[in-house]
Amino acid sequence: MRPVVKASLHYLALAIVSILWLIPVYAMIVNGFKSNLEVLSSPVLSPPTSLSLTAYITVFNALAKPLINSLIVVIPTSFISAFLGAMGAYFFYTLSYSFSKFSSAISDVLFSLIALATFIPYQATLIPLTRLIVSMGILDTYIGIIFAMLIFYIPTGALLMSMFVSVIPRSLIEAAKVDGTGDLKIFMKIVFPLSMPGFISTLIFIIIQSWNNFFIPLILVTTPNMRLVSVAVQSYTGGYGTLYNDTFAAAMLASVIPLAIFIFLGRYFIRGLIALGGGGKGV
Amino acid sequence: MKKGTIILVIPTAIFSAILLYLVIWNAVISFTNWSLLNPKISFVGLQTYFSVIRTFQFSNSILHSLELSASLVAIGNILGILFAGLLYFLSSNKARSVFLSIIIYPLAISMAVNALIWLWLFNINIGIDWLLVRIGLPQFPWLSSTSTMFPSLILVSIWAYTGIAALFYLAGFMNIDKSVIEAARLDGASAFKILYKLLIPNSFNSFIIATALLFLFSFRIFSLPYILSGGPTNIFLQTAVVYMYYLFTVEFFSQATAVATIITVIASVIIIPYALIIIRRWIRK
């Protein structure tokens, strides 16, 4: 085959995959702009004949409060998780200096625990989690949702940050140790600033994950006023009563923040994903 | 170790301990008969497990979970290798990151939102079928037939999670020594041959990571089957986590904790080796 033909086939294959992958987001964008009249006659895949904001106006009134609730929960959750996780990660880094059997056993147990917290089907803790939150008197409050999310996302932060902290050169930290600097100070002055790109990756990964978390707000919120956006969109699940332009407008409003972050800071999100696989290099 | 060092890990340790407490508490309750009918808790040993395991709903839902995970692991790995190969041989870094972003973006959107969008795409009159009919293909019943419902769910999860497998394979391919690839190129090896003979055999790590994570992510998918199925009466899309949630909502607490414990055990079998081998190796080098 001639190289030109080969290259075009290569791009053609990628173009087909891309088109298939983009169908849902295309549907989400075009259908939110259809008028109530148009959705009754036009299929999902056809673009609107004229731009109408009716669906967005209807849906925005219902989703404004959930959107604010989500922001109130997600911002502290992600910053606290990434920062405290980074501290924990530096602890693991210091543990890897000492080769004693005891400390490596501790690090194995803690590591398995934070991996468990990161990957466990968190639905499996449904009953004790609900009970804990009820007994603390924080069911249906922002604090309750944030607290529950921290249980899962602080370990996630520690797991991801461990990957990024592990590449900091040892000599820097050893030099500071020789000068008699304490670990907390080394963390604040050296480790944290040096791992800033990793911190941003971890932060963005947790923002997107916690924004999209459906299950925790589903079980820990009991009044409509406290609903987060990921759960609020569920009321648009098809059926005969729903116009589908409303569904897609709701989907768009619920996704606009994670999608915007993904479009502008996607490489940080991707680095977070790679760190889950146990490596910070490559791509 | 100095006191100052321990302070660093206290927050992570506390929250990990809470999680451990939740998991253990859950396991303890699974040995009782606590439910709406038995508000007074008493220990019954493995009885709850025996009664749960015998039910049709349990075997049905756990089978669905395992089928979903197995399909996603198999298809996700194959497509992941294929897509990573296509991306690897792109000469432009910019094009590579654009295409990579396109196959990864479903991970940035909530599964609840994904489910919502696919519900309409699967609509038999106005969804994808409208296009299929227009280009002369037969309609496909997606969610409206009991035999095609579950494959449709698998399809959405493949769309959502293939990107992560492709990412791990691409990262693996990129770490392989460039000079070996160049040498093979000079010898006139085709891209397909390089992929087959050099890249794939050298990405065993990527295979392990992709498999572990695809399994774990698909095993805990909740909102997708929860929303696509439309409710507890649709057992054709019921996975283990969804079934457990319904057991909880009807206040069959000990049954729900028993199912939850089984789910936790299955997940831990993958998570703990993953943590001890893959991650520790990376951190300690």
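When all heavy atoms of A:L113 and B:S16 are compared, the closest pair comes out as CD2-O, 3.8 Å. Taking both residues in full, the closest heavy atoms of B:L8 and A:L184 are given as CD2-CD1, 3.7 Å, listed atom of the first, atom of the second, then distance.
In terms of non-hydrogen atom pairs under 4.5 Å with chain B, the most contact-rich of A:F152, A:F248, A:F269, A:Y90 is A:F248.
Classification of the A:W21-B:F83 ring pair by plane angle, with boundaries at 30° and 60°, yields perpendicular. Classified by interplanar angle (parallel below 30°, tilted 30° to 60°, perpendicular above 60°), the ring pair B:F222/A:F214 is tilted.
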Output, in order, the C-alpha distance, side-chain angles, deciding distance and verdict of ring pair (Phe, Tyr, Trp, His ring centres under 6.0 Å) for A:F147 and B:F15.
CA-CA 9 Å; A:F147 180 79; B:F15 281 94; 5.7 Å; yes

Tell me, with the steps shown, if A:F215 and B:Y226 meet ring pair (Phe, Tyr, Trp, His ring centres under 6.0 Å).
CA-CA 10 Å; A:F215 194 77; B:Y226 178 75; 8.5 Å; no

Tabulate below the donor-acceptor pairs under 3.5 Å that side-chain atoms of residues 253-260 of chain B make, not counting sequence neighbours, or state none.
| residue | atom | partner | partner atom | Å |
| --- | --- | --- | --- | --- |
| B:S254 | OG | B:T32 | O | 3.3 |
| B:S254 | OG | B:W34 | O | 3.3 |
| B:T257 | OG1 | B:S30 | N | 3.3 |
| B:T257 | OG1 | B:F253 | O | 3.3 |
| B:T257 | OG1 | B:S254 | O | 2.7 |

Just distance, no hydrogens or angles: give the donor-acceptor pairs under 3.5 Å from side chains in residues 121-129 of chain A, sequence neighbours left out.
| residue | atom | partner | partner atom | Å |
| --- | --- | --- | --- | --- |
| A:Q123 | NE2 | B:R220 | O | 2.9 |
| A:T125 | OG1 | A:Y122 | O | 2.8 |

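Inspection of non-hydrogen atoms places B:I209, B:L213, B:L216, B:F217, B:F219 of residues 206-219 of chain B under 4.5 Å from chain A. Heavy-atom neighbours of chain B within the stretch residues 256-267 of chain A, taken at a separation under 4.5 angstrom, comprise A:P258, A:L259, A:F262.
Using modelled atom types and a 3.5 Å distance limit, the side chains of B:W120 and A:T247 yield a donor-acceptor pair.
Of the atoms belonging to A:A117, heavy atoms from both backbone and side chain fall under 4.5 Å from chain B.
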